[in-house]
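For reference, positions follow the sequence shown, starting with 1. The basis for the numbers below is simple: all heavy atoms, side chains too, and nothing from hydrogens, waters or symmetry mates.
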Amino acid sequence: MKRKTGELKKRCWLAKQRLKMGYFDSLKRMQDEESELSSVTAVADYSARVSRHSEVAASSSADEKMYRKVCDILDSSEVALNPIGQLIERDVYDGLDANGKQRYVLELSEKFRELQKRYYRERTGS
């Protein structure tokens, strides 16, 4: 019994020390700061989602414009020897450095492949 009482007194003393030193007050302040931070983060997340949505809308219209170009290239009766060259926007391409030009052409070729697959899917109906 004596041992349990000593342990109980020790725990009570530690709890009293925590109260005296403001442990629970500091814990409460930390939780309040975290909730304020999370509300600020939530606003930032929302604004990021809105901007991403507008970017997607803008890029989807640009993708549709490029898709129409791809359709024109693929619908033409002649064989397109350089379809990527026909898709390049010269004002954008000329403003890039060597690495940027290479990246632009690679991204454009990947986009062309995706749009070409879409074109054939829509034409075959599958």
Inset, instruction - Before accepting this row, confirm whether a basic side-chain N of the pair R11/E7 lies closer than 4.0 Å to the acidic partner's carboxylate O. - result: yes

Inset, instruction - Sequence neighbours left out, what pairs pass salt bridge (Lys or Arg N to Asp or Glu O under 4.0 Å) with at least one residue falling in residues 82-104? - result: none

Legend entry - Reported CG-to-CD distance for the pair L81 and Q86, which is rounded to 0.5 angstrom: 8.5 Å

Legend entry - Y93 side, atom OH; L87 side, atom CG - distance, nearest 0.5 Å: 13.5 Å

Legend entry - Qualifying residues under side-chain hydrogen bond (donor to acceptor under 3.5 Å, both in side chains), relative to R118, sequence neighbours excluded: E64, E122

Legend entry - Approximate separation, where rounding is to 0.5 Å, of Q102 CD and L96 CG: 12.0 Å

Inset, instruction - Look up atom CG in L74 and atom OH in Y120, then write down how far apart they are to the nearest 0.5 Å. - result: 4.5 Å

Legend entry - In one Ile/Leu/Val/Met/Phe/Trp/Tyr side-chain cluster, 4.5 Å: I84, Y104: yes

Inset, instruction - Calculate, to the nearest 0.5 Å, the distance between atoms CD and OH belonging to Q116 and Y67 respectively. - result: 11.0 Å

Inset, instruction - Measure the shortest side-chain to side-chain distance between L115 and K69 over non-hydrogen atoms and say whether it is less than 4.5 angstrom. - result: no

Inset, instruction - Examine V92 and V70 and state if one hydrophobic cluster contains both, with Ile, Leu, Val, Met, Phe, Trp and Tyr joined whenever side-chain heavy atoms are less than 4.5 Å apart. - result: yes

Inset, instruction - Taking side chain to side chain contact (heavy atoms under 4.5 Å, CB included) as the test, write out the residues that go with R113, two or more places apart. - result: E110

Legend entry - Co-members of W13 in a cluster of I, L, V, M, F, W and Y side chains, linked at under 4.5 Å: L14

Inset, instruction - Drop me the distance from L108's CG to K111's NZ, to the nearest 0.5 angstrom. - result: 9.5 Å

